[in-house]
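A short write-up of the structure that comes next.
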Amino acid sequence: PGEEIVGSGKILRSRLRTPWVEKPAIPRRYIFPEDKVFTLSLMQKFIEWAPRNLIGDITISFNAWEEWRAKLVPEIEKRGLSVTLSGHCLRMFIPKSRFMDRPEWFAEIKGARAEGGQYCFSNPSFRRALASKIIAFLKDEGVVRRLSIWAEDTALVCECAVCRPKGFLKSFVECIDEVARVVRKRLPRVAIDFLAYNAALAWDMLELPRGLKFSNCSTEIAYWGRDYRFGLKNSRQAADRRAGRCLRNWRRASKRSIALLEYYTDIWMLTHLIPPLPRRIAQDCRDYAALKLDAVGPLICLSPPDMNH
């Protein structure tokens, strides 16, 4: 089982000081292959590789899980691993087809409800429906221990009379916090995360909103657009330093765990050259350990030709 493999690594580290099992600077490490970046066979190999490298958590997209679940679960259970499902998943629980009968669940944009933007996260019945759907989905998912819920990948946010004064991110986090509270009552084994992410480079979708309080959900942060020549704190780029302050603010505000999703292998930022960045990653881990982050993981964002190299 995964716990035994990880435990063996810890024994080797303490007794033999073997370099390949050095203590991780971050308590939970994860790797998130974007939807369908991995083939099924590659994901199976990753499941075999992960616990040998002190990774006890398999992070996978909702779409890939839905397709490959039957073939992955036996391998995951055999190694005692747990699963985190992650990604832009809200359409899976509240599909856009519901716009016809529940338009109030969708964003009001320029005075009219629209199915092409975000959801109306302040709507009480939307929150109840989302929690109910998640509970039903998780009921038979024994290996799933965490859901990381991402909003839609758009800056078209709800402008209704309730959402607009709060702002998008405050409405979204309060929604996920309420969902997490309801889910925990039924399924205490499952943690619920929200993702704060600067979609369309919008700072108000990343920075901690004033007056936001949450205590039931965990935090995941993703800052897109970083200059990887530098750390967040000492970067020559003002935007990177602003993102560093943003991360520290979220760390102080988060009552539960906080994770950082990095873009070390994002072709849209780094081009198809995909520099390996070993020194940058090592220094980042030291910096993030000093911030007491609970988890750090890269989003593997590659195109199929890149995977052949």
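Since the model is a prediction, treat every value here as computed from it, not as a measurement.
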Subject >> N/O donor-acceptor pair under 3.5 Å between Asp227 side chain and Gln237 backbone >> reply: no

Original post:
Salt bridge check: are Glu152 and Arg91 linked by an N-O gap of less than 4.0 Å?
Top reply: yes

**OP:** Measure from the ring center of Phe46 to the ring center of Trp49 and say whether it is less than 6.0 Å.
**Re:** yes

Original post:
Can the ring centroids of Tyr119 and Trp150 be said to lie less than 6.0 angstrom from one another?
Top reply: no

Original post:
How about Ile76 and Val83: do any of their side-chain heavy atoms sit closer than 4.5 Å?
Top reply: yes

Original post:
Would you say Glu75's side chain and Ile47's backbone share a donor-acceptor pair under 3.5 angstrom?
Top reply: no

**OP:** Determine whether Arg189 and Arg146 make a side-chain contact, defined as any pair of heavy atoms from C-beta on separated by less than 4.5 Å.
**Re:** no

Could you pull out all donor-acceptor pairs under 3.5 Å where a side-chain atom in residues 127-139 meets a protein atom, sequence neighbours excluded?
residue : atom : partner : partner atom : Å
Arg127  : NE   : Phe121  : O            : 2.8
Arg127  : NH2  : Phe121  : O            : 3.3

Subject >> Any side-chain heavy-atom pair of Leu40 and Lys71 under 4.5 Å >> reply: yes

Subject >> Stepwise side-chain hydrogen bond (donor to acceptor under 3.5 Å, both in side chains) test for Gln283 and Tyr288 >> reply: CA-CA 9 Å; Gln283 184 59 53; Tyr288 298 150; over 6 Å; no

**OP:** Start with the C-alpha gap between Arg184 and Asn216, add the side-chain angles, then the distance that decides, and say whether side chain to side chain contact (heavy atoms under 4.5 Å, CB included) holds.
**Re:** CA-CA 8 Å; Arg184 183 176 294 110; Asn216 299 294; 3.4 Å; yes

**OP:** Kindly say whether Arg256 contributes a backbone atom to a donor-acceptor pair with the side chain of Ser254 at under 3.5 angstrom?
**Re:** no

Original post:
Stepwise, does the salt bridge (Lys or Arg N to Asp or Glu O under 4.0 Å) test hold for Asp204 with Lys170?
Top reply: CA-CA 10 Å; Asp204 60 356; Lys170 190 173 185 180; over 6 Å; no

Original post:
Below 4.5 Å, heavy atoms only, C-beta onward: do Asp294 and Arg28 meet side chain to side chain?
Top reply: no

Original post:
Cys246 versus Leu208: any side-chain heavy-atom pair under 4.5 Å?
Top reply: no

Original post:
Is there a side chain to side chain contact (heavy atoms under 4.5 Å, CB included) between Asp57 and Leu81 once you walk through the steps?
Top reply: CA-CA 6 Å; Asp57 178 277; Leu81 304 174; over 6 Å; no

Original post:
Taking the inter-plane angle between the rings of Tyr264 and Tyr228 on a 0 to 90° scale, is it parallel (under 30°), tilted (30 to 60°) or perpendicular (over 60°)?
Top reply: tilted

**OP:** Please lay out, stage by stage, how Trp68 and Gln44 fare under the test side-chain hydrogen bond (donor to acceptor under 3.5 Å, both in side chains).
**Re:** CA-CA 10 Å; Trp68 299 337; Gln44 290 170 325; over 6 Å; no

Original post:
Can Thr39 and Ser41 be counted as having a side-chain donor-acceptor contact under 3.5 angstrom?
Top reply: yes

**OP:** List the steps, then state whether side-chain hydrogen bond (donor to acceptor under 3.5 Å, both in side chains) holds for Ser125 with Asn123.
**Re:** CA-CA 6 Å; Ser125 64; Asn123 186 286; 2.6 Å; yes

**OP:** Could you go through the side chain to side chain contact (heavy atoms under 4.5 Å, CB included) check for Phe93 and Ile149 one step at a time?
**Re:** CA-CA 11 Å; Phe93 300 113; Ile149 299 176; 5.7 Å; no

Subject >> Evaluation steps, ring pair (Phe, Tyr, Trp, His ring centres under 6.0 Å), between Trp250 and Tyr197 >> reply: CA-CA 12 Å; Trp250 278 110; Tyr197 153 67; over 10 Å; no

